[in-house]
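Atoms within a ligand are numbered from 1 in the order they appear, just like the ligands themselves. Nothing fancy with the numbering, it's 1 onward along the sequence.
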Amino acid sequence: MSFLSLCSTESIRDAALALKNRHLVAFPTETVYGLGADATNSEAIARIYEVKGRPSDHPLIVHIASMNGLGEWSREIPEYAISLARDFWPGPLTLVLKRSELAQDFITGGQATVGLRVPAHPVALSLINEFIAIGGKGIAAPSANRFGAVSPTTATAVEEELATYLQSGDLILDGGQSLIGLESTIVDCTGPAPMILRLGAITPLMIEESTGLVALESNPSAIRVSGSLNSHYSPKAKVLLDVVAEAGDGLIAPDQIPTPNGVIRLSAPSSIEQYARELYQALRKADQLGLNLVVVLQPGGDGLAAAIRDRLQRSAFVE
Ligand code: AMP
Ligand code: MG
């Protein structure tokens, strides 16, 4: 059975109805594809955990249509969080705030906070708007991959990853390739200053410029993120960072690095944006080709490059 659907006005309306009927709808965002469900319905949310194979104490991000959703889903919103929402929504930024009674334990993993984001993708936004028009409040959507695997950046990747776990009535909306290709920046807004929980395309500098506050960065090992170091964002192939690739290995590296003889070039990005956009697709390709080893030369620099290195270090094989 194929779950893929194009994004006509009609099919987006059908997808909103499917959500209301407790089905799952995978949909494109500018970061990666999300696996969506009605954020107020515990049965629908239980299916997300089942399909992803994810432990149920991991919180989900609620996708809302605009800043209006902030007041519904959260409370005691600090001034600097309003500033971040105003400057970067719609966009690749998730705000963690004190939850309202709308955000129940099955969304927050039992925590007193809720993660909220307005995605910058026309299909995602119209899906959320259609869903709200028929009484929905928000769409919970983690990345549409099995727990620990690489996030999908195309509808085909979602289908390959999840089709065997989906049911009749579930849908995958095809909105093309995700433009950013890395998951959203997550900022904890429950303290006196923004605390960055996950790096992404919205950089610490952008956060500081927006809020006038120094953004703290939480110790990555203290974050409640999914999986252990060697099993998150991971393809089946081993990922080795910054070593010399040998014949038969896959290689992901900036375009000025030549491909040694016998090495399979998976990506040769000419910019940091292209590096982010192609990374997950390149890791998937390694598995499709049945490679045992992928060598990745990490990009230098801060901002988006630091976010890429963060994901690579989690996906790399650790002895
Ligand atoms: P994903 O949606 O797959 O990109 O991953 C969602 C991630 O968002 C989780 O692994 C958490 O790290 C983070 N997250 C979502 N909600 C919260 C929250 N209330 N507090 C802290 N982190 C959160
Ligand atoms: Mg994920």
Min heavy-atom dist Arg54 to ligand 1 below 4.0 Å: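 The answer is yes, since Arg54 has a heavy atom less than 4.0 Å from ligand 1.
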What do we get for [X] next to ligand 1 when only non-hydrogen atoms under 4.0 Å count, side chain, backbone, both or neither?
X: Lys98; result: neither
X: Arg198; result: side chain
X: Val114; result: backbone

Below 4.0 angstrom from a heavy atom of [X], which ligand 1 atoms are there? Numbered from 1 as shown, please.
X: Ser143; value: 1 (P), 2 (O), 3 (O)
X: Gly115; value: 16 (N), 19 (N)
X: Ile61; value: 2 (O), 6 (C), 8 (O), 15 (C)

Residues, nucleotides or ligands: over 12 heavy atoms within 6.0 Å of Glu208 CD: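 Yes, because the 6.0 Å sphere around CD of Glu208 holds more than 12 heavy atoms from other groups.
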Heavy atoms from other residues, nucleotides or ligands near CD of Gln256 exceed 12 (cutoff 6.0 Å):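 Above 12, so yes.
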Any side-chain donor near an acceptor of the partner, Glu183 and Ser143, under 3.5 Å: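 Judged by distance alone, the side chains do not pair up.
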Any donor-acceptor N/O pair, Ser178 side chain to Gly181 backbone, under 3.5 Å: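 No; judged by distance alone, with no hydrogens or angles, the pair does not exist.
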Donor-acceptor contact present, side-chain Asp174 to main-chain Gly176, <3.5 Å: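 It does hold such a pair.
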Nearest option to atom 20 (N) of ligand 1, as decided by whichever heavy atom of Thr113, Val62, Ile186 sits closest: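 Ranked by closest heavy atom to atom 20 (N) of ligand 1, first place is Thr113.
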Metal check, the Mg ion (ligand 2) vs Asn145 N/O/S, cut-off below 2.8 Å: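 So Asn145 does not count as coordinating the Mg ion (ligand 2).
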Leu127 with Phe3, same ILVMFWY side-chain cluster at under 4.5 Å: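 No, Leu127 and Phe3 fall in different hydrophobic clusters.
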Over-ring placement of Arg311 relative to Tyr233, 6.0 Å and 45° cut-offs: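 Yes; both conditions hold, so Arg311 lies above the ring face of Tyr233.
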